[in-house]
Chemist: 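Attaching a single structure in structure tokens format; questions to follow.
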Amino acid sequence: MITTALKEKIVQAIAENRQNYRYDTHHAKSLGINGAQYNRVMKGERDGVLSDAKWISIARKLQVQLRDEAPWVTVETETFQYIYSQLTACQTRSLSAILCDRAGIGKTHTAKVYVSKNKNAVYIDCSQVKTKQKLIRKIAQEFGITYTGRYAEVYEDLVYYLKQLENPLVILDEAGDLEYHAFLELKSLWNATEYACGWYMMGADGLQAKIDRNKGIKKVGYAEIFDRYGSKYSRVSPPSDKEAIEAFLLSQIAQVSQANGSTISPSQMYANTAGSLRKVRTEIEKQRLQQLNNGK
């Protein structure tokens, strides 16, 4: 059961997120609700408007903490600063780029923070929308336009809308999970929105391997995608030097741990997590829960 207090937190997050959309109707569609439901919630109605499942879905999308706990503190690590500056350049200048780097260094978190703070920027987890149709419909939904109905119309509406927006940006995370025809559709969409939309593709080292492998066998589309996304792979972490990689990861772990009140030393945290900030967050959340339970 979603409590009234939690609903208030979610509505507050909705209100803050509203600034990233031109119209209420677009914002409502991005949240997966209709305009009437949106208006009722924003006018103060809480009960009988949305199901608990929908409240939870919106909370997840807007990263609202369901438990009453200390908020997570975002740290401007080297990864954060590098990716944020690249995203800014891609959006303001309608550029495209590819970032391929090791897992767990903060790529996804940075992208989500960027989208929460910048109008007309959307984040897409490609691992959840691997096919052509699911991908394009998801991009349309995130921008708040109609994403159901005939696919051809959804595609054309999306192209038209992107060309009307001021500096739109599409961030494609976990892009290596996309099926072949989804990659081809990205090329088509890039062609249709050239100089009007920024694109940023992210993934772990497997994304680079996938693109290079398919370019090597001259599979249609991959060389063109690589060319359109800047003809190079960006990277934050050191590529191969073991000591340099460890120093890089330890530095980020120390920053994140300190900002979020962890009492575990950076070296121990590194041993526990192998340097993954995703696992660092899990360790800190476990520590917080234990401290809460001990305080009862």
Side-chain angles (χ1 to χ4, degrees), residues 13-14 16-32 35 38 61-63 80 82-99 107-129 132-149 151-175 178 182-203 224-230 234:
I14 292 173
E16 292 172 356
N17 187 244
R18 170 63 181 84
Q19 64 184 337
N20 295 336
Y21 293 84
R22 296 173 71 180
Y23 306 111
D24 286 352
T25 52
H26 291 171
H27 193 206
K29 287 178 181 177
S30 77
L31 298 173
Y38 183 91
K61 176 180 172 60
L62 301 181
Q63 302 183 68
F80 184 96
Y82 181 87
I83 294 177
Y84 205 98
S85 64
Q86 283 209 322
L87 293 173
T88 301
C90 284
Q91 181 167 20
T92 57
R93 298 163 61 190
S94 296
L95 301 175
S96 302
I98 304 176
L99 178 82
K107 300 188 297 295
T108 296
H109 183 74
T110 303
K112 289 182 176 180
V113 170
Y114 183 91
V115 167
S116 72
K117 295 180 179 296
N118 289 273
K119 185 178 180 180
N120 298 336
V122 301
Y123 169 86
I124 307 296
D125 179 356
C126 296
S127 69
Q128 303 300 311
V129 287
K132 176 181 76 173
Q133 285 219 21
K134 287 183 177 179
L135 173 65
I136 300 304
R137 291 182 189 277
K138 183 62 175 176
I139 295 173
Q141 180 184 6
E142 290 301 310
F143 276 110
I145 62 176
T146 300
Y147 59 96
T148 57
Y151 175 74
E153 292 183 359
V154 172
Y155 180 91
E156 293 299 330
D157 285 350
L158 176 60
V159 169
Y160 177 81
Y161 187 70
L162 289 177
K163 293 168 77 170
Q164 309 308 311
L165 273 183
E166 179 182 0
N167 299 121
L169 173 69
V170 180
I171 304 171
L172 302 161
D173 197 7
E174 305 287 1
L178 290 174
F183 262 100
L184 290 183
E185 200 75 334
L186 283 178
K187 184 186 76 169
S188 299
L189 195 53
W190 190 99
N191 288 344
T193 60
E194 186 176 5
Y195 307 124
C197 181
W199 296 86
Y200 196 77
M201 189 178 291
M202 300 195 308
E224 293 91 334
I225 282 285
F226 187 62
D227 175 70
R228 284 158 175 75
Y229 279 74
S234 299

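One is the number of the first residue; the rest follow in order along the sequence.
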Chemist: Please find the pair of heavy atoms, one from N20 and one from S116, that lie closest to each other, and give the distance.
Modeler: ND2-O, 3.4 Å
Chemist: Determine whether Y114 and H109 satisfy the following criterion, side chain to side chain contact (heavy atoms under 4.5 Å, CB included), listing intermediate values before the conclusion.
Modeler: CA-CA 9 Å; Y114 183 91; H109 183 74; over 6 Å; no
Chemist: Which heavy atom of V115 sits nearest to which heavy atom of V122, and what is that distance?
Modeler: CG2-C, 3.7 Å
Chemist: The criterion is ring-ring contact (aromatic ring centres under 6.0 Å, His included); which residues satisfy it with Y38, sequence neighbours excluded?
Modeler: H27
Chemist: Kindly write out the residues that satisfy ring-ring contact (aromatic ring centres under 6.0 Å, His included) with F226, not counting sequence neighbours, or none if the list is empty.
Modeler: Y233
Chemist: Taking OH in Y151 as the centre, count heavy atoms belonging to other residues, nucleotides or ligands within less than 6.0 Å. Is the count above 12?
Modeler: yes
Chemist: Do you see a donor-acceptor pair shorter than 3.5 Å between the side chains of S234 and Q86?
Modeler: yes
Chemist: For a quick test of reading the model, state the closest non-hydrogen atom pair linking K163 to A192 and the distance between them.
Modeler: CD-O, 3.5 Å
Chemist: Just verifying a value: how many Å separate Q63 CD and N17 CG, rounded to the nearest 0.5 Å?
Modeler: 10.5 Å
Chemist: Could you check whether Q91 and Y200, counting side-chain N and O atoms only, form a donor-acceptor pair closer than 3.5 Å?
Modeler: no
Chemist: Between N191 and R228, does any side-chain donor sit less than 3.5 Å from a side-chain acceptor?
Modeler: yes
Chemist: State whether the number of non-hydrogen atoms from other residues, nucleotides or ligands found under 6.0 Å of E166 atom CD is greater than 12.
Modeler: no
Chemist: Would you give the length of the straight line joining atom CD1 of I139 to atom CD of E185, rounded to the nearest 0.5 angstrom?
Modeler: 9.5 Å
Chemist: My understanding is that only residues two or more places apart in sequence, or in another chain, count here; which of them pass side chain to side chain contact (heavy atoms under 4.5 Å, CB included) with S94?
Modeler: N167
Chemist: In chain order, what residues pass the side-chain hydrogen bond (donor to acceptor under 3.5 Å, both in side chains) check against D157, with sequence neighbours excluded?
Modeler: none
Chemist: Using side-chain heavy atoms (C-beta onward) and a distance below 4.5 Å, is I171 in contact with I124?
Modeler: no
Chemist: Flag the pair F143 / V170 as yes when at least one side-chain heavy-atom distance between them is below 4.5 Å, and no otherwise.
Modeler: yes
Chemist: Can you name the salt bridge (Lys or Arg N to Asp or Glu O under 4.0 Å) partners of K187, sequence neighbours left out?
Modeler: none
Chemist: If you measure from OH on Y195 to CG on L95, what distance do you get to the nearest 0.5 Å?
Modeler: 10.5 Å
Chemist: Apply side chain to side chain contact (heavy atoms under 4.5 Å, CB included) to the pair Y147 and L158, showing each step before the final yes or no.
Modeler: CA-CA 9 Å; Y147 59 96; L158 176 60; over 6 Å; no
Chemist: May I ask you to say whether R18 pairs ionically with D24, meaning some side-chain N is under 4.0 Å from a carboxylate O?
Modeler: yes
Chemist: Sequence neighbours left out, what passes ring-ring contact (aromatic ring centres under 6.0 Å, His included) with F80? Give chain and number order.
Modeler: Y84
Chemist: Between L135 and C126, which heavy-atom pair has the shortest distance, and what is it?
Modeler: CD1-SG, 4.4 Å
Chemist: L87 versus Y82: any side-chain heavy-atom pair under 4.5 Å?
Modeler: no
Chemist: Kindly compute the distance separating OG (S96) from CD (E194), expressed to the nearest 0.5 Å.
Modeler: 9.0 Å
Chemist: Test side chain to side chain contact (heavy atoms under 4.5 Å, CB included) on T148 and V154 and set out the steps.
Modeler: CA-CA 7 Å; T148 57; V154 172; over 6 Å; no
Chemist: Is any side-chain heavy atom of N118 closer than 4.5 Å to a side-chain heavy atom of L169?
Modeler: no
Chemist: Applying salt bridge (Lys or Arg N to Asp or Glu O under 4.0 Å), name anything that partners E153, two or more places apart in sequence or on another chain.
Modeler: R150
Chemist: With Y23, which residues qualify under ring-ring contact (aromatic ring centres under 6.0 Å, His included), at least two apart?
Modeler: H26
Chemist: What residues, two or more places apart in sequence or in another chain, satisfy salt bridge (Lys or Arg N to Asp or Glu O under 4.0 Å) together with D125?
Modeler: none
Chemist: Is any side-chain heavy atom of N120 less than 4.5 Å from a side-chain heavy atom of Y21?
Modeler: no
Chemist: How would you list, by chain and number, every residue that makes a side-chain hydrogen bond (donor to acceptor under 3.5 Å, both in side chains) with Q133, sequence neighbours excluded?
Modeler: R137
Chemist: Just how far is it from atom NZ of K112 to atom NZ of K117, taken to the nearest 0.5 Å?
Modeler: 15.5 Å
Chemist: Salt bridge (Lys or Arg N to Asp or Glu O under 4.0 Å) with K61: which residues, sequence neighbours excluded?
Modeler: E142
Chemist: List in chain and number order the residues that pass side chain to side chain contact (heavy atoms under 4.5 Å, CB included) with K29, two or more places apart in sequence or in another chain; answer none if no residue qualifies.
Modeler: T146
Chemist: Within the 4.5 Å heavy-atom criterion, are E224 and W190 side-chain neighbours or not?
Modeler: no
Chemist: Can you find a pair of side-chain heavy atoms, one from I136 and one from V129, that are under 4.5 Å apart?
Modeler: no
Chemist: Drop me the distance from Y161's OH to T193's OG1, to the nearest 0.5 angstrom.
Modeler: 14.5 Å
